[in-house]
Amino acid sequence: MSPEAHSAPRSLAEALRARDDASLAALLRSRPDLITPVPTDLTQLATRAGTRASVLRALERLDRFALQTAEALAVAPDPASYAVLLGLMAGDAGDSTVAGALPRALATLREQALVWGGDDRLRLVRTARELLAPSPQHPSPTGLGPTVQEATAGMSPGRIQEIVTAAGLPSTHDSVSAVTALSALFSHRKKMAKLLAGAPEAAREVLSRLVWGPPYGQVTADPAAHLRWLLDRGLLLPTAPGTVVLPREVALHLREGRAHRVPEPLPPAVAPAATHSPQVVDATAAGQAYTALATVEELLKDWDEGGPAVLRAGGLSVRDLKRTAVALDVSEPVAAFWTELAYAAGLIASDGEADERYAATPAYDDWLEQPPAERWARLAQAWLTATRTPGLVGGRDAKDRTLAALGPGLDRSAAPEIRHRVLSLLAGLPRGGAPDPESVLARLRWERPLRGARRDGGDNDLRTRLARWTLSEAELLGVTGRGALAAHGRALLGAPAAAEAAPAEPGPAEPAGPGDKLPVHHHRAPDRLLPLPAAEQAAAGAAAARLLAPLLPEPLDHVLLQADLTAVAPGPLRRPLADVLGVLADVESKGGATVYRFTPASVRRALDAGRTAADLHAFLTEHSRTPVPQPLAYLIDDVARRHGHLRVGAASAYVRCDDDALLNEILADRRAAALRLRRLAPTVLATQSDPAALLEGLRAMGYAPAAESAEGDVLITRAHAHRSPPRTAPEPVPDGPPPPDATLLTAAIRAIRAGDLAATAPRKPVGEPLTGGEPPRTSAADTLATMQAAVLTGDSVWIGYVNADGAASQRVIAPVRVEGGFVTAYDHTADEVRTYPLHRITGVAELADD
């Protein structure tokens with residue numbers, strides 16, 4: 001036996017044992033579920049890597065060509081050589097592109113422990129073979145059927161001999177040799193071509209219909225002559241009454257050796273469909289970013305005094321979402337996006353009251369005080385990392401319930417990965433390049449063919465829908481402009497490394513053959529290009545804000561007052577000016593300039609907030625570039641003269657006024673009938689209505705009452721009074737275990753190596769004979785003597801140990817001191833110095849010299 005054959009791994013555990021630490025780290029990084037929790041040794045790691053759930057997750061993260069390679073290995077002999085795999089992928093004629101890309105795909109499968117063994121004995125892990133190999137219940141994506149041996153498993157020996165004879169082969173003494181000879185004939189290109197040359201034309205047509213799958217067909221009890229010709233020679237084999245199958249060897253001959261009809265060794269290119277000036281892209285995106293800030297502010301301002309009610313099941317009602325869409329002048333899906341974005345950023349939450357409603361959080365006030373570029377960066381980062389998916393609003397969940405905005409059931413753990421990946425693909429284009437959306441979708445399908453709901457990549461594929469939503473939401477938010485990634489959007493990904501994040505396009509390479517060294521940890525899977533860790537996110541957000549800030553319009557400190565009781569803001573206003581003007585006037589129209597309208601109700605609102613007529617005149621004079629129009633001055637003075645003349649308090653409610661003639665006027669007014677007022681004193685009216693209803697009713701009649709406290713003081717109602725208790729932003733729902741960091745990887749690998757040493761180190765036989773790898777058992781005297789000897793020699797020993805909970809384990813330790821019934825030793829398994837009670841050590845054995 002050659003040294004290579006002797007050293008070839010006999011199991012996945014042995015293959016993992018031969019890896020270096022960098023290779024093991026690459027495996028654990030690409031499959032983090034394998035260290036949750038940390039395995040005790042490499043045998044347990046290999047067992048976990050072969051479980052169905054873990055293998056399924058690993059297969060879902062393969063790109064299309066790596067998956068095609070695994071599918072080819074599933075229909076190849078086990079084990080298969082690299083030459084056989086190359087033949088299945090490239091065909092008899094060969095394909096230089098496929099041959100060049102195959103080493104990379106095989107390296108990926110090896111890195112993720114889906115394939116092990118040398119180039120002469122490649123083995124797909126058993127679970128992966130069971131999942132990918134063809135069967136009647138689960139057809140293979142290759143379209144291949146069972147082998148001759150599998151298809152003839154239940155066939156009578158006499159029938160097998162008849163097929164062998166009809167195919168022109170000599171009869172044999174047993175079925176096994178007959179099936180082997182038939183398989184060899186179907187796999188021999190020249191002999192098979194000679195056999196098919198005598199086939200009827202109709203028979204060849206039947207084979208052509210089955211060759212690329214599905215390989216199963218139906219026949220009658222009395223088949224036609226051309227079908228009988230195929231059945232007699234085993235080119236079609238019966239699998240059930242009325243059903244036949246095309247054997248795998250026959251299909252591969254007709255396919256010229258190819259396992260796949262269309263191998264896809266290279267990812268589809270994402271080419272720009274249009275190219276714009278980078279300056280135009282950045283300016284367009286900045287304008288949309290400003291609109292995004294204004295929209296979120298308007299949404300939260302509308303909810304300042306208490307937003308819509310929370311549904312019993314959570315979320316907004318359809319009616320409230322429609323009202324929000326009308327208020328923002330957008331469609332309902334876009335309104336759902338802005339609502340969910342504010343929620344993801346921690347700016348809105350439920351107030352937690354008995355009559356539960358949505359309201360702005362205290363974080364919203366802090367957010368308003370930040371510069372505009374920093375406010376945008378916070379929104380953009382919340383969007384990039386959120387797992388909540390606004391595009392699902394209005395759809396149905398698994399129980400056929402409508403998915404509501406801000407409600408449960410909107411989390412999709414794949415959303416952050418896909419958003420980041422789509423933006424990374426855009427970052428790989430030349431500056432100003434806007435891609436064709438279909439090319440982006442095609443690239444994503446190539447990178448993760450198994451992650452979607454449908455293998456054909458249709459619009460029901462969740463990844464496809466998430467990618468489409470990402471492109472539209474990025475434009476709404478101002479991450480992109482005219483479809484191209486803006487400079488501040490590029491920085492949001494972690495520029496300048498953002499452009500380097502996209503994996504390099506695999507190019508042609510020389511085909512590898514048996515014995516070639518294939519890398520096992522150089523390939524980085526796209527799924528690890530996730531949003532950055534928290535510290536790096538903060539740096540990326542700050543960089544994006546710095547790039548965006550010069551592009552945003554400078555806030556203004558003035559407005560233009562007009563004689564028709566309107567004010568025009570020719571651009572964004574500074575925060576104090578915007579806040580006061582928002583109370584004093586109502587927004588009439590938006591756009592490049594915002595138009596505010598002054599009304600009696602808006603002026604009264606400012607007076608209710610504690611302003612006096614003199615304050616309002618001074619404010620307008622200070623901030624207007626035009627003189628204060630006379631109609632506006634009259635309006636303020638008129639409302640102020642009547643404001644507070646009537647006082648409303650709680651009786652249930654009362655009205656008091658020093659002018660009893662005014663009270664008589666109210667009582668005589670028919671519109672006051674619904675209030676059911678009655679006079680208690682010459683200057684006081686009372687009603688059963690509550691104070692708020694009384695205030696509203698009198699204001700509807702044209703009066704300007706003021707609310708007062710129990711002490712008789714005027715109550716000042718300030719804007720932005722209602723806030724929810726402090727709430728944190730919703731946590732994203734992770735897509736499986738998070739990728740381990742370098743510290744965890746180093747500790748995990750050290751623990752696995754130490755545990756493997758304890759499990760595999762050779763031992764000298766001491767005490768009772770060992771069976772089945774059980775821990776040693778020795779007497780207390782022998783245990784003490786061996787420990788003391790090990791202290792003198794500095795040797796390591798193997799012990800069996802039972803902890804205080806009764807759990808048994810085995811360890812490799814280097815004793816340092818033995819005294820007082822305890823042994824102090826360096827524990828190789830735990831990689832630290834520990835102290836063990838001697839009475840808990842079940843036995844000890846010296847390690848073998850080799």
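- Of all heavy-atom pairs spanning Leu299 and Trp338, the tightest one is CD2-O, 3.9 Å.
- The shortest distance between side-chain heavy atoms of Ile666 and Tyr703 falls below 4.5 Å.
- Ala286 and Leu551 make their closest contact through CB-CB, 3.5 Å (heavy atoms, listed as atom of the first residue, atom of the second, distance).
- Annotation: the span from Glu369 atom CD to Arg375 atom CZ amounts to 9.0 Å, rounded to 0.5 Å.
- Here the CD atom belonging to Glu475 is positioned 8.0 Å from the OG1 atom belonging to Thr284, to the nearest 0.5 angstrom.
- Taking a cutoff of 4.0 Å between a charged side-chain nitrogen and a carboxylate oxygen, Arg482 and Asp282 do not qualify as a salt bridge.
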Steps toward side chain to side chain contact (heavy atoms under 4.5 Å, CB included) verdict (Arg597, Leu565): CA-CA 6 Å; Arg597 177 164 294 279; Leu565 297 180; 4.3 Å; yes
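- Atom SG of Cys657 sits about 10.0 Å away from atom CD of Glu665, to the nearest 0.5 Å.
- For the pair Ala380 and Leu492, the tightest heavy-atom approach, listed with the atom from each and the gap, is CB-CD2, 3.5 Å.
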Intermediate values then yes/no, side chain to side chain contact (heavy atoms under 4.5 Å, CB included), Arg412 and Arg388: CA-CA 6 Å; Arg412 295 296 182 270; Arg388 292 186 63 82; over 6 Å; no
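- To the nearest 0.5 Å, the span separating CD on Glu417 from CZ on Arg421 amounts to 9.0 Å.
- Salt bridge annotation for Asp608-Arg699: present, with a cationic side-chain nitrogen under 4.0 angstrom from a carboxylate oxygen.
- Crowding of Gln370 atom CD: a count of heavy atoms from other residues, nucleotides or ligands under 6.0 Å exceeding 12.
- Heavy atoms of other residues, nucleotides or ligands lying less than 6.0 angstrom from CZ of Arg679 number more than 12.
- Thr295 has its side chain out of reach of Val330: every pair of non-hydrogen atoms, C-beta onward, lies at least 4.5 Å apart.
- Under a 4.0 Å N-O distance rule, the pair Arg605/Asp586 qualifies as a salt bridge.
- Panel note: side chain Ser602, backbone Phe598; no donor-acceptor pair is recorded below 3.5 Å.
- Put simply, the side chain of Arg642 does not reach to within 4.5 Å of the side chain of Arg604, judged on heavy atoms.
- The shortest distance between side-chain heavy atoms of Pro570 and His558 falls below 4.5 Å.
- With contacts defined as side-chain heavy-atom distances shorter than 4.5 Å, the pair Val568/Val559 does not qualify.
- Leu663 and Val655 make their closest contact through CD2-CG1, 4.0 Å (heavy atoms, listed as atom of the first residue, atom of the second, distance).
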From CA spacing to verdict: side chain to side chain contact (heavy atoms under 4.5 Å, CB included), Gln288, Thr480: CA-CA 9 Å; Gln288 190 56 46; Thr480 60; over 6 Å; no
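- Here the shortest heavy-atom pairing between Gly314 and Pro408 reads O-CD, 4.0 Å.
- In this structure, the side chain of Arg574 does not engage the main chain of Asp557 through any donor-acceptor pair within 3.5 Å.
- Between Leu316 and Leu311, the shortest heavy-atom contact is O-CD1, 3.4 Å.
- Between Lys322 and Asp320 there is no salt bridge, since none of the side-chain N atoms of the basic residue sits less than 4.0 Å from a carboxylate O of the acidic one.
- For the pair Leu635/Pro600, a side-chain contact is recorded, criterion being any heavy-atom separation below 4.5 Å from C-beta on.
- Side chain of Thr324 to backbone of Ala335: no donor-acceptor contact under 3.5 angstrom is found.
- Applying the ring pair (Phe, Tyr, Trp, His ring centres under 6.0 Å) test to His623 and every residue at least two apart in sequence or in another chain returns Phe619.
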Which pairs would a plain distance check flag for residues 389-396, meaning a side-chain donor or acceptor within less than 3.5 Å of a matching protein atom at least two apart in sequence or in another chain?
unit_1	atom_1	unit_2	atom_2	d
Thr389	OG1	Thr387	O	3.2
Thr389	OG1	Leu410	O	3.4
Arg396	NH1	Asp400	O	2.8
Arg396	NH1	Thr402	OG1	3.3

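- One N or O on the side chain of Thr361 and one on the backbone of Gly346 form a donor-acceptor pair closer than 3.5 Å.
- If you take CD1 on Ile636 and CG on Leu616, they are separated by 5.0 Å, rounding to the nearest 0.5 Å.
- Between Thr470 and Val440 the shortest side-chain heavy-atom distance does not fall below 4.5 Å.
- Remark: the backbone N or O of Leu675 is paired with a side-chain donor or acceptor of Thr687 at under 3.5 angstrom.
- Checked against ring pair (Phe, Tyr, Trp, His ring centres under 6.0 Å), Trp376 has the following partners two or more places apart in sequence or in another chain: His488.
- When side chains are defined from C-beta on, Trp383 counts as touching Leu477, because their heavy atoms get closer than 4.5 Å.
- Side-chain atoms of Arg357 do not come within 3.5 Å of backbone N or O of Trp303 as any donor-acceptor pair.
- Looking at Ser472, its side chain does come within 3.5 Å of a backbone N or O of Trp469 through a donor-acceptor pair.
- Looking at Arg641 and Asp637, no side-chain N of the basic residue comes within less than 4.0 Å of a carboxylate O on the acidic one, giving no salt bridge.
- Residue-environment remark: CG (Asp366) exceeds the threshold of 12 foreign heavy atoms within 6.0 Å.
- Using modelled atom types, one side-chain atom of Gln381 and one backbone atom of Gln537 make a donor-acceptor pair closer than 3.5 Å.
- The backbone N or O of Ala345 lies less than 3.5 Å from a partner atom in the side chain of Arg378, making a donor-acceptor pair.
- Side-chain atoms of Glu297 and Tyr364 form no donor-acceptor pair, as typed in the model, at a separation below 3.5 Å.
- Separation of atoms CG (Leu406) and CD1 (Ile348) is listed at 5.0 Å; rounding is to 0.5 Å.
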Stepwise side chain to side chain contact (heavy atoms under 4.5 Å, CB included) check, Thr339 with Tyr343: CA-CA 6 Å; Thr339 304; Tyr343 179 65; 5.8 Å; no
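- The backbone N or O of Asp615 sits less than 3.5 Å from a side-chain atom of Thr612, completing a donor-acceptor pair.
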